[in-house]
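In what follows, a single structure is set out as structure tokens and then discussed.
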There are 2 protein chains.
Amino acid sequence: MDDGRVLTIGEFSRLTHLSVRTLRRYHDAGLLEPASVDDVTGYRSYSTDQIPVAQVVHRLRELDVPLAEVRTILRTDDPDTRARLVADHLRRLESELARTRAAVVSLRRLLEPDPAPVDVELRAVPAVTVAAVAADVSHDDVLAWYAGAMAELDAAVPVPSGPPGGLYDDALFQHGRGHALVYRPTDRPATVGRVHPVTLPAVELAVTTHTGEHDDIDVTYGRLGSWVVANTLAVAGPVRETYLVGPRDTPDPSAWRTEIGWPVFRVAVP
Amino acid sequence: MDDGRVLTIGEFSRLTHLSVRTLRRYHDAGLLEPASVDDVTGYRSYSTDQIPVAQVVHRLRELDVPLAEVRTILRTDDPDTRARLVADHLRRLESELARTRAAVVSLRRLLEPDPAPVDVELRAVPAVTVAAVAADVSHDDVLAWYAGAMAELDAAVPVPSGPPGGLYDDALFQHGRGHALVYRPTDRPATVGRVHPVTLPAVELAVTTHTGEHDDIDVTYGRLGSWVVANTLAVAGPVRETYLVGPRDTPDPSAWRTEIGWPVFRVAVP
DNA sequence: GTCCACCCTCCCCCCGGGGGAGGGTCCAGC
DNA sequence: GCTGGACCCTCCCCCGGGGGGAGGGTGGAC
């Protein structure tokens, strides 16, 4: 493919359907360098060879691939690596799609008139030592991290003495990063890989149970929060979830049951 | 639901999983006003009644509903109107999804090694008077506009003398808005509703044919562009598409054939 | 009375562009 | 050779939906 003629930025723009402005930005970002730049006038020149490259960029941007990542994709001339990077992004899009669907479901439920009164129990929980995996995670990764950690726990704790659970720091929700811990109770916790014995402190918990998928678990959180405040309590410490019935127990999401426990303490009544 | 206690912004933040920062922003945006604000200290106070509202906002934001639209949704207390607004946004998400899928398909094709050499014909087209619908449209609306205009054309032109086509101004691709015109050739063009007789000027066209869905029509555009430049021609005027075989002819997308014609003129060879 | 967590406002940063100002350059027609 | 207009350049500000952090005021538990 010989470049019979060099193109001005305007011509190149018309041929690629990328705006002149955007082409200049891509140049500045080191993403699509013009074939040459006149030192005196600063005029950019493009070659026809660059049309397919520009189209790849166009497509990747349509998929909301960040410019920086487009750059790395283009810099890689190994087609396998390139395909992998693209596939990674496609996976991200898939999970984004799943998130969107979950939000839609939950929104529908939220807009329905509020039916069920919340059923909350105040429960004193003693300190207990469990087998746990803990880490600082970001909110986006927490699901994947949870799956891995729970698999490791299952391998390390052949005979659990109760349903698994998790503790989630508030910062995880507030700032997208925070401490998370998943555990299985067992009589003989030991250290295996990432699994360590951890003693969960005694707390007083306001406990309610969420039934069904986790898509709209925030609704249950909200009801629990209202109850806590109405009963002149305040929240202190990470939330505790206990997975009474989950995907490991039954494939039917409507049968899942998750206990949510919020550590509370009594507020002086004014 | 009585508000037993007022909450500080921090407490409200923990109960709703919205960051303090975000709550302040929502206040500034007139989206989620605190129950009261202390005139002296500026401290915001929230009521437990606002927890469900905050959750609705949270969900809508997860769906990327702009703050301004969230505000209108909340201001409307008619549940039907509210449901309609939400449904509108869901439709937008759906089309976004379709766009993403199309981009994925096209990207896959683009990353494959370039197989087919392009088959371009240079063709002198005489001026012709057709029945046409024209408008300034935005790129996002062009598909919907096209469908409506073509339906109106079909009604107004019972006996067309050839396949339908369209002319698309370059600004439409460059800046998201521009002039578009769809037409059906006929022996007796008349004015009916939005349909008017229009004389398309004589041009010299570089013509190639795109086969299949329009998802990756830009690839064909790119090949055509390369050919045009390689043959020392330049582009002048709106692109012309002719829908030889389309959805109206067969439901099988792989059989669709779209002729793309780019008005060109010869460039002086240096 | 002191400490510390909490709250306030204000300003700058991120991304991927668009809009526009203000000025230089190229080329066709006269 | 001159002029007009299309084209090109850089630079700065704008958008939305927040995050990070500075600098300072408040409230309540000890």
Side-chain angles (χ1 to χ4, degrees), chain A residues 6-14 17-32 34 36-46 57-58 60-71 138-140 170-171 173-178 234-236 265-268 270, chain B residues 6-14 17-32 34 36-46 57-58 60-71 138-140 170-171 173-178 234-237 265 267-268 270:
Chain A
V6 249
L7 305 162
T8 68
I9 195 171
E11 293 167 323
F12 194 70
S13 157
R14 280 186 288 275
H17 291 163
L18 289 165
S19 78
V20 170
R21 231 193 155 73
T22 300
L23 288 174
R24 286 204 271 255
R25 165 164 289 270
Y26 289 173
H27 179 196
D28 293 346
L31 206 144
L32 192 60
S36 69
V37 178
D38 189 307
D39 337 358
V40 181
T41 67
Y43 277 32
R44 295 166 177 84
S45 299
Y46 293 84
V57 176
H58 197 166
L60 289 172
R61 284 299 305 136
E62 277 190 318
L63 295 170
D64 290 327
V65 179
L67 291 190
E69 192 163 341
V70 175
R71 186 168 40 220
S138 91
H139 193 253
D140 298 337
D170 215 50
F173 303 100
Q174 301 294 324
H175 305 291
R177 284 204 71 80
V235 170
F265 61 90
R266 190 156 296 280
V267 169
Chain B
V6 242
L7 304 163
T8 68
I9 195 171
E11 293 168 323
F12 194 70
S13 157
R14 280 186 288 277
H17 290 164
L18 290 165
S19 79
V20 169
R21 217 179 173 83
T22 301
L23 287 174
R24 286 204 271 255
R25 165 165 288 267
Y26 289 173
H27 179 195
D28 293 347
L31 205 142
L32 192 60
S36 71
V37 179
D38 189 308
D39 333 359
V40 181
T41 67
Y43 277 31
R44 294 166 178 86
S45 299
Y46 292 84
V57 176
H58 197 165
L60 290 171
R61 284 300 304 136
E62 277 191 318
L63 296 170
D64 289 326
V65 179
L67 290 190
E69 193 163 341
V70 174
R71 187 167 37 215
S138 89
H139 193 252
D140 298 335
D170 214 51
F173 303 102
Q174 301 294 325
H175 305 292
R177 283 204 71 79
V235 170
F265 61 91
V267 170

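Labels below follow one simple rule: chain letters A, B, ... track the order of the sequence lines, proteins then strands, and each chain is numbered from 1.
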Minimum side-chain heavy-atom gap [X]-[Y] below 4.5 Å:
| X | Y | result |
| --- | --- | --- |
| Leu32(A) | Phe12(A) | yes |
| Ser36(B) | Ser45(B) | yes |
| Tyr26(B) | Val57(B) | yes |
| Tyr46(B) | Leu23(B) | yes |

* To do: Show the numbers, then the answer: is there a side-chain hydrogen bond (donor to acceptor under 3.5 Å, both in side chains) between His27(B) and Arg44(B)?
  => CA-CA 9 Å; His27(B) 179 195; Arg44(B) 294 166 178 86; 2.9 Å; yes
* To do: Quick one: label Arg44(B) by what it contacts on the DNA or RNA (base, sugar-phosphate, nothing), any heavy atom closer than 4.0 Å.
  =>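 Counting heavy atoms under 4.0 Å across all strands, the contact made by Arg44(B) is with sugar-phosphate only.
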* Asked: Which part of the nucleic acid does Arg61(B) contact within heavy-atom distance under 4.0 Å: base, sugar-phosphate only, or nothing?
  ->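 Sugar-phosphate contact only - Arg61(B) comes under 4.0 Å of backbone atoms but never of a base.
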* Asked: Is the shortest side-chain N/O distance from Thr8(B) to OP1 or OP2 of dC7(C) below 4.0 Å?
  ->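 The answer is yes; a side-chain N or O of Thr8(B) sits under 4.0 Å from OP1 or OP2.
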* **Any Ser19(A) side-chain N or O less than 4.0 Å from OP1/OP2 of dG18(C)** =>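 True: Ser19(A) side-chain N/O within range (under 4.0 Å) of dG18(C) OP1/OP2.
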* DNA chain C: Leu67(A) or Tyr43(B), which has the more 5' nearest nucleotide? ->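 Its nearest nucleotide being more 5', the pick is Tyr43(B).
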Expressed as a whole number of angstroms, how long is the span from [X]:[atom1] to [N]:[atom2]?
| X | N | atom1 | atom2 | value |
| --- | --- | --- | --- | --- |
| Asp38(A) | dG24(C) | CG | P | 16 Å |
| His139(A) | dG18(D) | NE2 | P | 14 Å |
| Leu31(B) | dG17(D) | CG | P | 10 Å |
| Ile9(B) | dT26(D) | CD1 | C1' | 15 Å |
| Leu7(B) | dC6(C) | CG | C1' | 15 Å |
| Glu11(A) | dA6(D) | CD | P | 16 Å |
| Arg24(A) | dC12(D) | CZ | C1' | 14 Å |
| Leu60(A) | dG17(C) | CG | P | 12 Å |

* To do: Would you mind telling me which residue lines up with the more 5' stretch of DNA chain D, Thr41(B) or Asp64(B), judged by nearest nucleotide?
  =>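 By nearest-heavy-atom nucleotide position, the 5'-most residue is Asp64(B).
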* **N/O donor-acceptor pair, side chain Arg21(B) with base dG19(D), under 3.5 angstrom** =>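 Looking at the base of dG19(D), it does pair with a donor or acceptor on the side chain of Arg21(B) (distance under 3.5 Å).
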* hbond_proxy Tyr26(B) side chain to dG18(D) base (donor-acceptor, 3.5 Å cutoff) ->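 In this structure, the two groups form no donor-acceptor pair.
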* Where the side chain of Arg25(A) is defined as all heavy atoms beyond and including C-beta, which of dG27(D), dG18(D), dG17(C) is the nearest nucleotide? ->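 The nucleotide sitting nearest to the side chain is dG17(C).
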